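Inspection log for the structure reproduced underneath, given as structure tokens.
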Amino acid sequence: MTVCSANDLQMGQGLWRVARNQQLHQDFGDQCYLQRERGGRRVAPTQGEQLAMRRGAPHCQVPGSDISHLLRVRKGKEEQGFIDLEMLPPELSITILSYLNATDLCLASCVWQDLGNDEYLWQGLCKSTWGHCSIYNRRVPPGFSYRKLYMQLDEGSLTFNANPQEGISYFMSKGILVDHPQEIAKFIFYTRTLNWKMLRIYLDERRDVLDDLVTLHNFSNQFLPNALRDFFRHIHAPEERGEYLETLITKFSHRFCACNPTLVQELGLSPDAVYVLCYSLILLSIDLTSPHVKNKMSKREFIRNTRRAAQNISEDFVGHLYDNIYLIGHVAA
């Protein structure tokens with residue numbers, strides 16, 4: 001499903017409001033200040049209408065080829081006040097429908113078949129939900145449909161969430177993904193519909209994909225706890241300590257140092273030091289956020305314990321780490 005930002009939703013509502021106001025203005029104009037015919041004879045404006053005209057109310061527009069004429073709606077009882085998107089300029093209709101998710105767009109295609117099946121709309125839905133697929137970079141064959149591709153991507157994601165190996169095999173069988181660790185890593189990195197538990201199982205089995213997935217992260221100029229949160233947002237940490245968690249922290253530590261060479265030099269950091277700090281942050285997160293821990297670790301205790309394991313790290317830097325966890329929360333929530 002497509003998730004719209006607040007700005008996108010505001011823009012979509014604004015476009016709909018413009019269209020609606022134009023339609024209401026046209027309907028109001030058809031029945032107001034122009035002389036009307038009643039029972040076959042022309043009737044002068046009422047006293048109220050004359051007063052409104054004297055107060056400077058806008059004059060009615062003569063129907064033409066402008067937008068107000070295109071927004072005229074059918075007068076049937078069941079369709080009263082309903083804007084027909086097919087009577088709008090195509091660019092405006094497509095823009096309005098682009099704010100719908102896949103389910104609503106399918107419903108819209110029952111009313112506006114050509115608009116609802118527009119390839120531009122379905123291409124946008126595919127790329128906003130599955131940001132990277134190998135098929136995007138290939139020349140599409142004749143008869144290719146992005147609506148059909150969306151259905152296949154959705155089916156493949158559901159399959160992955162039940163069985164990761166079968167899900168990836170499905171994508172490859174449909175030509176959506178190429179059997180290469182880097183392509184699979186990009187697909188995982190830019191997709192938000194995959195179940196994190198199944199993804200963790202898959203990455204634990206495919207360490208080659210995990211290596212490429214880690215290199216897709218850019219931790220430049222990020223504070224260490226924030227970078228760790230970003231990392232665990234894409235690659236969820238296991239619920240228990242073990243070899244897999246150690247592997248994740250080791251790969252993160254090397255990647256963080258590679259992305260911040262200046263910081264590493266200024267603070268005297270190394271992959272081993274970052275590894276120690278990450279474990280300290282995880283333990284501190286548990287200590288401060290767990291309701292089962294009654295006696296919370298103080299800032300002074302955290303600094304003392306951390307500097308015992310990483311003596312080259314400054315006290316101020318370790319203190320800032322504590323403040324970040326205390327104010328923002330768990331690094332692997």
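Just so you know, residue 1 is the first one in the sequence shown, and it goes up from there. Quick caveat: nothing in here was measured; it's all calculated off a predicted structure.
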Just jot down the side chain to side chain donor-acceptor pair (under 3.5 Å) partners of Arg229, sequence neighbours excluded, or say none.
-> Asn226, Asn324

Partners of Gln222 by side chain to side chain donor-acceptor pair (under 3.5 Å), sequence neighbours excluded?
-> none

Taking the side chain as every heavy atom from C-beta outward, state whether [X] and [Y] have any pair of such atoms under 4.5 Å apart.
{"X": "Tyr136", "Y": "Leu149", "result": "yes"}
{"X": "Arg200", "Y": "Leu248", "result": "no"}
{"X": "Leu210", "Y": "Tyr244", "result": "yes"}
{"X": "Leu153", "Y": "Thr129", "result": "no"}
{"X": "Asp118", "Y": "Ile94", "result": "yes"}

We want to know whether [X] and [Y] form a side-chain donor-acceptor pair, criterion being a heavy-atom distance below 3.5 angstrom.
{"X": "Ser157", "Y": "Trp130", "value": "yes"}
{"X": "Asn218", "Y": "Ser220", "value": "yes"}
{"X": "Glu243", "Y": "Thr247", "value": "yes"}

The complete set of side-chain hydrogen bond (donor to acceptor under 3.5 Å, both in side chains) pairs with one or both residues in residues 173-188, sequence neighbours excluded, reads His132-Glu183, Ser134-Glu183

Any pair counted as side-chain hydrogen bond (donor to acceptor under 3.5 Å, both in side chains), so long as it reaches residues 251-264, sequence neighbours left out | Asp211-Lys251

Could you list the residues that satisfy ring-ring contact (aromatic ring centres under 6.0 Å, His included) with [X], not counting sequence neighbours?
{"X": "Tyr322", "answer": "Phe302"}
{"X": "Phe231", "answer": "His217, Phe252"}
{"X": "Phe232", "answer": "none"}
{"X": "Tyr326", "answer": "none"}

Roughly how far, to the nearest 0.5 Å, is CG of Asp208 from CG of Leu213?
-> 11.0 Å

Crowding at [atom1], [X] (>12 non-hydrogen neighbours, <6.0 Å):
{"X": "Lys148", "atom1": "NZ", "result": "no"}
{"X": "Asn137", "atom1": "CG", "result": "yes"}
{"X": "Lys296", "atom1": "NZ", "result": "yes"}

For Asp204, enumerate each residue passing the salt bridge (charged side-chain N to carboxylate O under 4.0 Å, His left out) test, keeping only those at least two apart in sequence or located in another chain.
-> Arg207

For Asp104, which residues count as a salt bridge (charged side-chain N to carboxylate O under 4.0 Å, His left out) partner, sequence neighbours excluded?
-> none

Quick one: side chains of residues 274-288, donor-acceptor pairs under 3.5 Å with protein atoms, not counting sequence neighbours, listed by atom name and distance.
residue : atom : partner : partner atom : Å
Ser280  : OG   : Val276  : O            : 3.1
Ser285  : OG   : Leu281  : O            : 2.7
Ser285  : OG   : Val331  : N            : 3.3
Asp287  : OD1  : Met297  : N            : 2.7

If a pair satisfies salt bridge (charged side-chain N to carboxylate O under 4.0 Å, His left out) and one of its residues is in residues 317-333, list it, with sequence neighbours excluded.
-> Lys299-Asp323

